[in-house]
Amino acid sequence: MNGPGHAVMGASFGAFAGVLTTVAIDLQMIAISTIAASFADFDTGSKVRNKLSENPIRTKLALITIGLASLVYHFMHSSFFSLSTLASIANMIIGICMSNTQAKKAFINVIAVVIGFTGIYYHQYWVTGLAVFIAIAPHTAHRTWTHSIWALMALYFIFQGAEQAGVKGALIACIPQQRTFFF
């Protein structure tokens, strides 16, 4: 099944689950089901990941620019030879040397880090678990880890945390979608 197929199946089940639980089509249920159904295709071969990181040149240029700006800042405001100066130089070298595929994965990891720290800051650890899932998935081959019982269990705990945090219907909308992991 391709990415749009996962999304259509998820949205359909979300509408059905919304009617079963609230006597109305619930947009939150549709959104949760669509996202949950799409998790299986968030690995290396996925269209979802490729759309998010479509232009790897931007990622490479961002790394180089951040490293260069940091070097200029350190040169003007502090001692030039410090640990942060070495980190700035390393940032530039990584930006110059990385391949386009690595840049795409780096972009997804930056998204995962931002989401993870947001979860930690707000004490919503299920969000941090979601970030870990997002960070691991691009580094695996298609139909391996994200299509396994381990991913199913990880998403169960993530959506259980969402349910406990007040996202009503997260488990109802998510768990039936996980059958898509095996297709």
Side-chain angles (χ1 to χ4, degrees), residues 1-18 20-22 25-56 58-59 62-63 101-183:
M1 182 181 308
N2 59 12
H6 284 286
V8 168
M9 180 186 289
S12 301
F13 183 80
F16 181 68
L20 286 179
T21 58
T22 62
I25 294 178
D26 188 354
L27 293 179
Q28 180 176 321
M29 294 284 251
I30 293 171
I32 292 169
S33 287
T34 303
I35 291 167
S38 300
F39 272 119
D41 270 353
F42 210 69
D43 50 23
T44 301
S46 76
K47 291 178 184 175
V48 172
R49 184 193 56 102
N50 289 337
K51 276 291 187 194
L52 286 175
S53 59
E54 206 167 273
N55 191 345
R58 287 186 212 150
T59 305
L63 287 170
T101 303
Q102 291 167 331
K104 285 182 176 187
K105 290 178 183 179
F107 181 77
I108 296 297
N109 285 336
V110 167
I111 292 172
V113 166
V114 169
I115 292 170
F117 279 122
T118 302
I120 290 170
Y121 181 78
Y122 289 107
H123 303 288
Q124 297 293 321
Y125 300 110
W126 66 273
V127 175
T128 304
L130 177 63
V132 170
F133 187 92
I134 291 170
I136 291 172
H139 300 288
T140 60
H142 188 58
R143 293 190 175 252
T144 57
W145 184 80
T146 59
H147 287 72
S148 72
I149 191 73
W150 303 111
L152 179 66
M153 291 187 326
L155 287 176
Y156 172 79
F157 287 112
I158 289 168
F159 282 100
Q160 181 184 34
E163 183 92 23
Q164 291 172 349
V167 181
K168 294 181 181 176
L171 279 175
I172 294 170
C174 164
I175 295 306
Q177 291 310 310
Q178 302 320 312
R179 70 184 177 286
T180 64
F181 274 66
F182 303 105
F183 295 112

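Please read these numbers as outputs of a predicted model, since none were measured by experiment.
For the atom pair Leu130 CG and Phe157 CZ, the distance stands at 15.5 Å (nearest 0.5 Å).
The side-chain hydrogen bond (donor to acceptor under 3.5 Å, both in side chains) test applied to Glu163 returns no partner, not counting sequence neighbours.
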With a 3.5 Å cut-off and sequence neighbours excluded, list the donor-acceptor pairs that the side chains of residues 112-123 form with protein atoms.
| from | atom 1 | to | atom 2 | distance (Å) |
| --- | --- | --- | --- | --- |
| Thr118 | OG1 | Val114 | O | 2.7 |
| His123 | ND1 | Tyr125 | OH | 3.0 |

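Heavy atoms only, all atoms of each residue included: Trp126 and Ile158 are closest at CB-O, 3.5 Å.
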